[in-house]
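Let me begin by presenting the structure, written as structure tokens, before commenting on it.
By convention in this document, chain letters (A, B, ...) are assigned in the order of the sequence lines, proteins followed by strands, and residues within each chain are numbered from 1.
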Protein chains: 2
Amino acid sequence: MKSQTSLSDDLRADAARNRARVLEVARERLAAGDAELPMNTIARDAGVGVGTVYRHFPSREALLESLAMGGFERLVVEARKAADDDNPGAGLERLLRYGVRSQIEDVGLAAVLRSSGSARAETSRLRGDLLEAVGRLLERAREAGAIRPGIGADDIRRLSCGIVYAVRVGDGDLDEIERYADVLVDGIRPRS
Amino acid sequence: MKSQTSLSDDLRADAARNRARVLEVARERLAAGDAELPMNTIARDAGVGVGTVYRHFPSREALLESLAMGGFERLVVEARKAADDDNPGAGLERLLRYGVRSQIEDVGLAAVLRSSGSARAETSRLRGDLLEAVGRLLERAREAGAIRPGIGADDIRRLSCGIVYAVRVGDGDLDEIERYADVLVDGIRPRS
DNA sequence: TGCCATACGGATACGTCATCCGTTTGCGAT
DNA sequence: ATCGCAAACGGATGACGTATCCGTATGGCA
């Protein structure tokens, strides 16, 4: 079974090599905290021309999406697990914590989750899958009285992004994420 | 009593006029939804040279701060009122709702609140005032059992920014703000 | 081995930020 | 009134990033 995300099929050998190099460099730079990620410097560091970068990734958005695919797929898996959990309330809490933590660790994933559009078809599909699973989860959680009414799957997405944002708006103490996730988790419970 | 923010004292007549024009144009553009706010187009629309814009406002940050001063001062007033409220829990909730609503209505204020640094001394002072008042409010709210322990004034600032962000991450339904504010308000209550 | 579709690379056009400096102008002094 | 100069002006300019375009190079199949 081939990876769903490789896309290196049908590519000429040099093309596949360059694509991989660009992705690798971008991943390093992102991990090193360079949120700007200028395309021309990526090209330089990868030892290719700018044109080559743009051919593989028509925009920075597309590049970030490609970097985030793995994390996005894992998130969808988690969402489905949560949706099938015997205890939907617990599943939702677990998913929320997993989601915000992933976004803190992976800036690219955070960028993809917060944008409603997408440069790659694959991303749209995953977004749909995610919202579907979360929707199912929410429905069960509502029935179980674990969550207040009026909160939809997209609210969960947006609020998660907001919490991640709140963590980043600060002097970089990314450990706050658990505390802030607490606030979100408790905030969506039914009002007492 | 002179306005604290005019700053047009000591300015030559033409300088004061240009400064006002720039501010006016920037405010219009911001209200019209242009979040980019390119300095050179502001200069063009205000009928001045770019240099003039930069002399008055060394960076876009500084310009946004100047625009936000009024809203920021009103926010501090609200915070102090809340800190003196007989019911600190109610005061906190009122302040939170006021704060997020203000940020939704005023992009400049949101920008200033989310940044920890500041281009103008006035802004630093206001930020200090705000955090002081919120700190006082939180202390009283904690004593009254209206808020969980471990949440500080800066957490409130960051979480508010996060909620505002969550509202903006979407297709522009800014009305969501009340629903999302509910989540924040309930999320910082003591755990039951 | 030769062909050519595919991919490469970097020159190029464009837009924005921010600065610098020669020119203009407001305004207090005379 | 007018003079002189500090203050302010304006826009040319350089640095930087995005995105495109096209002549050149090359991988891989016949």
Describe the nucleic acid contact of A:Arg55 in one word from base, sugar-phosphate, nothing, applying a heavy-atom distance below 4.0 Å.
base

Would one find a side-chain N or O of A:Thr52 under 4.0 angstrom from OP1 or OP2 of C:dG9?
yes

Taking the minimum atom-to-atom distance to the side chain of B:Tyr54, which one of D:dG27, C:dT19, D:dC9 wins?
C:dT19

Between P of C:dC17 and CD of B:Glu61, the distance in whole Å:
14 Å

N-O pairing of B:Asp154 and B:Arg157 below 4.0 Å
yes

Between C:dC17, D:dA19, C:dA7, spot the one nearest the side chain of B:Pro38, thanks.
C:dC17

State, to 0.1 Å, how close B:Val167 and A:Arg158 come at their nearest heavy-atom pair, and which atoms those are.
O-NH2, 3.0 Å

Sorted by position of nearest nucleotide on DNA chain C, 5' first, the leading residue of B:Arg17 and B:Arg60 is B:Arg60

Whole angstrom is fine here: how far is it from CG in B:Leu11 over to P in C:dC27?
10 Å

Proximity to the side chain of B:Val50 - top-ranked nucleotide from D:dA12, C:dC17, D:dA6
D:dA12

All side chain to side chain contact (heavy atoms under 4.5 Å, CB included) counterparts of B:Thr123, not counting sequence neighbours
B:Glu65, B:Met69, B:Phe72, B:Val112, B:Ser118, B:Arg120, B:Arg127

Determine: side-chain N/O of B:Asn18 to OP1/OP2 of D:dC9, distance under 4.0 Å, yes or no.
yes

Counting any heavy atom closer than 4.0 Å, what does A:Asn40 reach on the DNA or RNA strands: base, sugar-phosphate only, or nothing?
base

What is the distance from CD of B:Glu36 to P of D:dT18, rounded to the nearest Å?
14 Å

What's the closest nucleotide to the A:Ala13 side chain, out of D:dG28, C:dC8, C:dG9?
D:dG28

Is any side-chain nitrogen or oxygen of B:His56 closer than 4.0 Å to OP1 or OP2 of D:dA8?
no

Salt bridge (Lys or Arg N to Asp or Glu O under 4.0 Å) pairs, two or more places apart, involving residues 136-152 of chain A
A:Asp84-A:Arg136, A:Glu132-A:Arg136, A:Arg148-B:Asp186

Rounded to whole Å, please give me the gap between CG in B:Asp34 and C1' in C:dT16.
13 Å

